[in-house]
Amino acid sequence: MEYPGNLFVIAAPSGAGKSTLVKALLELDAHLMVSISHTTRQPRGQERDGREYHFIDEASFRAMIASGDFLEWAEVHGNLYGTSRQAIEERVSSGRDVVLEIDWQGALQIKQLFPNAVLIFILPPSWEELAQRLLRRGEDEPEIISQRLANARIEVSKARNFDFVIINGLFETALFDLKTVVHSQRLKYVSQQRSKSAVFAALELI
Ligand code: 5GP
């Protein structure tokens, strides 16, 4: 599928710091927009419907699957998560760069649909640090944390299927790395041709 905007897909095991990195990236870059997923998970802490996620029940989620409303969907840690087809198609066709913060299963589905999508995997610096971060976050029950750590072993092994890998040891370094990936994508010939069409026309490059 051809599309005018860049599509960045960011995955990581929970606790790797993905959401914080993506939030910082979006604050720095007005040309990026994030897609808000649908989920059957219950809201945590300060989360609000329509801001972090569209929180829906399983019957509604299954109905959306049946209607083909999702570009991709997956079960993660026992809950269902999906990316709305309409939201993404509208955004990328309007030329905006879009960030999808989804799990590895969804990322690989997106790559099938959009071969130009840029897949970025965020790794923790070690298993110990990942466990510490999940404990410090204090948002989940101990059984949930153990389940997330066990899942992290599988998730991390999928990093090899991604285009870029960022190790989130020092936050500032990881943020710099993420900005660099986004920036390099925008410097590719096709992206420049699209976003700087007047310059390309003046140089008779079109
Ligand atoms: P959390 O419950 O911690 O917010 O998210 C759990 C996992 O589900 C994270 O890896 C998150 O990126 C992923 N996720 C969030 N939205 C989607 C989505 O729309 N599709 C898929 N496949 N995964 C998602």
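Indexing begins at 1, ligand by ligand and atom by atom, following the structure's order.
- Annotation for His31: atom NE2 does not count as buried by contact number, only 12 or fewer foreign heavy atoms lying within 6.0 Å.
- In Gln109, neither the side chain nor the backbone holds a heavy atom less than 4.0 Å from any atom of ligand 1.
- Glu101 counts as a contact of ligand 1, since one of its heavy atoms falls under 4.0 Å from the ligand.
- With ligand atoms numbered from 1 in the order given, ligand 1 contributes 22 (N) to contacts under 4.0 Å with heavy atoms of Ala74.
- When only non-hydrogen protein atoms are considered, atom 20 (N) of ligand 1 lies nearest to Glu72 OE2, 2.7 Å.
- A salt bridge is absent between Glu47 and Arg51; no separation between the charged side-chain nitrogens and carboxylate oxygens falls under 4.0 Å.
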**Request:** Evaluate the criterion side-chain hydrogen bond (donor to acceptor under 3.5 Å, both in side chains) for residue pair Thr180 and Asp177; output intermediate values, then yes/no.
**Result:** CA-CA 5 Å; Thr180 306; Asp177 290 346; 5.2 Å; no
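- Residue contacts with ligand 1, taken as heavy atom pairs separated by less than 4.0 Å, involve Val76 solely via side-chain atoms from C-beta onward.
- The pair Glu155-Arg148 does not count as a salt bridge, with every side-chain nitrogen at least 4.0 angstrom from each carboxylate oxygen.
- The nearest protein atom to atom 9 (C) of ligand 1, hydrogens excluded, is given as Lys18 NZ, 3.7 Å; this is a heavy-atom distance.
- Ile167 CD1: 12 or fewer foreign heavy atoms inside a 6.0 Å radius.
- Contact of the Ser19 side chain with the Glu52 side chain is not registered, since no non-hydrogen atoms from C-beta on lie closer than 4.5 Å.
- Around atom CZ of Arg48, no more than 12 heavy atoms belonging to other residues, nucleotides or ligands sit under 6.0 Å away.
- Given atom 15 (C) of ligand 1, the protein heavy atom at minimum distance is Tyr53 OH, 3.2 Å.
- Interface of Gly106 with ligand 1, defined as ligand atoms under 4.0 Å from a residue heavy atom, comprises 22 (N).
- Of the N or O atoms in Arg137, none lie within a sub-3.5 Å distance of an N or O in ligand 1.
- The shortest contact between atom 16 (N) of ligand 1 and any protein heavy atom is with Ser37 OG, 3.1 Å.
- Taking the six-membered ring where the residue is Trp, His54 and His38 present tilted rings, their angle falling between 30° and 60°.
- Protein heavy atom nearest atom 6 (C) of ligand 1, with residue, atom name and distance: Tyr81 OH, 3.5 Å.
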**ring-ring contact (aromatic ring centres under 6.0 Å, His included) assessment of Phe200 paired with Tyr189** = CA-CA 10 Å; Phe200 273 62; Tyr189 189 92; 5.4 Å; yes
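- Nearest protein neighbour of atom 23 (N) of ligand 1, counting heavy atoms only, is Asp103 N, 3.0 Å.
- Contact analysis leaves Ser14 out of contact with ligand 1, as no non-hydrogen atom separation drops below 4.0 angstrom.
- For Arg41, every heavy-atom contact with ligand 1 shorter than 4.0 Å involves the side chain, none the backbone.
- Between Thr83 and ligand 1, a contact under 3.5 Å exists for at least one N or O pair.
- For the residue pair Gln185 / Ser191, no side-chain donor-acceptor distance below 3.5 Å is found, with atom types taken as modelled.
- For ligand 1, the polar-atom distance check against Arg44 finds a nitrogen or oxygen pair separated by under 3.5 Å.
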